[in-house]
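Residue numbers start from 1 in every chain, and the chains themselves are labelled A, B, ... in the order their sequence lines are given, proteins ahead of strands. Just so it is clear, the model here is predicted, and its values are computed rather than measured. Values below: every heavy atom of this structure, side chains too, minus hydrogens, waters and symmetry copies.
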Amino acid sequence: MPMVKISIQALSLQYADGTESLRGINLDIHANAITVLFGPAGGGKSSLLRCLNRLNDLTEVRTLAGRILVDGQDILDPKTDVIALRRKVGMVFARPVVLPFSIRGNLTYGLELAGERRKSRLDEAVETSLRQVALWDEVKDRLDDPAIALSGGQQQRLCLARVLALRPEVILLDEPTSGLDPISTGKVEASLQELKRNHTIILVPHSIQQAARVADYAAFFLQGELIEYAPGADLFTAPRDKRTGDYITGRFG
Amino acid sequence: MKAFSINRHIVQRLGFSFLTLITTLTFVPVVWVILYIINKGAPAISWEFISGFPHDGMRAGGILPAIVGTIYLTLGTAIFSVPLGIGAAIYLSEYAADNTLTRLIRLAIINLAGIPSVVYGLFGLGLFVIFLNFGTSILAASLTLSIMTLPVIISTAEEALRSVPQAFRTVSISMGGTQWQTIRRIVLPEALPGIITGVILGLERAAGETAPILFTGAAFFLPRLPHSPFDATMALPYHLFVISTQVPEMPVQIQYGTALVLLTFVVIMNLTATFIRSRARAKRQW
Ligand SMILES: Nc1ncnc2c1ncn2[C@@H]1O[C@H](COP(=O)(O)OP(=O)(O)OP(=O)(O)O)[C@@H](O)[C@H]1O
Ligand SMILES: [Mg+2]
């Protein structure tokens, strides 16, 4: 059995307006694998991701119950060092949001927040993280240009690189390729396959096809509930729950 | 069908012509005032006029003490109102919860902006001149002008801060940034041009006001420049009022010359604001 990196136990989340977006989720996320969270809109996938690095702290929440153990530590504990957690568990959003800096500035931002000033360290992080997303050759001659000048696909890979520069252990990706063409999508997926050697990856895919392509493990979410969780190879070929099967074959919402 | 579409074009034409006419009409008086003042005031402008002291009961000589006084008052106003105004705007935009107290504060700021300036003058007289015992002084006048300027600075700065995309904040926080790091490194730099524009517009208004300084710091005539913040001072708008209404047989040239100097002062501030804004717009990366 591979190592469990994150253990989600009886997690329930209700927003301030009463929406129950997660209902009693139990889920063990394995290290060094890609776990895919998929299902119809409003199922609670994004809500779960935002819990995992406490980004839900920014939203008004009525109740948040249960535990999320990352390396055995409950991150919902009020005593958690949220800043350290967010460095350890990085997030890539659906729409690439490049910060209003240069390409280099985007990549060094997180390290500078953490107090890193040494130029050699920053330069090294820039190169390493750009290579990890196969962007180095495309931008190495214009690192000081505004990041906004990059194409959409390049911007999204830059956003992934920006998270990688912090050397996170877990990477959360919420539909990271939803606005990208197939070639850019392929590049991101290829990067993820490389990254899973050293990282735990949780991905909300933008299509079932993508889910089936990349999933080592897959979790099907429906209206805040976890319906089925299994290795990707099993879930997409022989789903055990009828609702999962209906959704995969397209007979559903 | 055809007639109908022609009609629409005619209506469109008429509409545009009408709007152009109205726009021109609002433009005409402004240009007229400016040209009129330049025409009447320009002959008075000389090095002596700008750098000399008034004499012969202000009917001759220069207006240096009034120029310097207005500069002092503007700087004094900036010292108090800029940090306070920007601080309040940051608080309102970034920290304040959306509750009754915040709404009351916003309401107060809006209402503060609508109070006639002479009321500020009386308030300054009561609070700064008399109660706090600052006397009729640059300090009291600057504080009074600051209170008048604050609403302008707070509301423009808050608007500038709010126009920075929320996604920047989310990304920064999600990367382990604290709220203050996010504000200092992203939100403030992005909002700065808008904030500076608001600051200048606010200070520009302060520079041109008479009523708030009338009871709090303005001197009718001073044969020297002020030495300390506790001195009263001459100031361009008040000086203009004095020489236009209080001094008999005042040469008209000097009146318009003073008006021209004040106008130039304000226009320079305005152009600076416009310049900063357009520069920032060209550089904007989102
Ligand atoms: N900040 C919020 N306040 C209130 N309700 C919210 C908030 N964010 C999400 N919700 C609600 O919670 C439920 C789950 O939303 P969530 O975004 O987690 O779903 P999702 O599975 O990511 O959907 P999608 O595939 O559309 O991205 C939805 O009903 C949504 O309307
Ligand atoms: Mg979502």
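- Dense packing is recorded around CD of Glu127(A), with more than 12 heavy atoms of other residues, nucleotides or ligands lying under 6.0 Å away.
- Summarising the local packing, CZ of Phe275(B) is surrounded by 12 or fewer heavy atoms from other residues, nucleotides or ligands at distances under 6.0 Å.
- The parts of Arg185(B) that come within reach of chain A are both its backbone and its side chain, each placing non-hydrogen atoms under 4.5 angstrom from that chain.
- Here the CG atom belonging to Leu166(A) is positioned 9.0 Å from the OG atom belonging to Ser174(B), to the nearest 0.5 angstrom.
- The choice from Leu113(A), Asn53(A), Val92(A) that makes the most heavy-atom pairs within less than 4.5 Å of chain B is Leu113(A).
- Counting heavy-atom neighbours within 6.0 Å of Arg162(B) CZ, excluding the residue itself, gives a total above 12.
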Audit row: Val171(B), Met91(A), side chain to side chain contact (heavy atoms under 4.5 Å, CB included) steps and yes/no: CA-CA 8 Å; Val171(B) 165; Met91(A) 169 93 97; over 6 Å; no
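- Here Glu112(A) is the residue among Arg50(A), Arg95(A), Glu112(A) with the most heavy-atom pairs under 4.5 Å with chain B.
- The only option from Val82(A), Leu58(A), Asp57(A) that meets the side chain to side chain contact (heavy atoms under 4.5 Å, CB included) definition with Ile173(B) turns out to be Leu58(A).
- In the displayed structure, Arg184(B) atom CZ is contacted under 6.0 Å by at most 12 heavy atoms of other residues, nucleotides or ligands.
- Closest approach of Phe101(A) to Ile186(B), counting heavy atoms only: CZ-CG1, 3.7 Å.
- Within a 6.0 Å radius of CZ in Arg103(B), more than 12 heavy atoms belonging to other residues, nucleotides or ligands are found.
- In terms of heavy atoms, Gln181(B) sits closest to Tyr109(A) at O-OH, 4.3 Å.
- Side-chain atoms of Arg162(A) and Met175(B), non-hydrogen and from C-beta on, do get closer than 4.5 Å to each other.
- Gln14(A) CD: more than 12 foreign heavy atoms inside a 6.0 Å radius.
- Here the shortest heavy-atom pairing between Val97(A) and Phe168(B) reads CG1-CD2, 3.7 Å.
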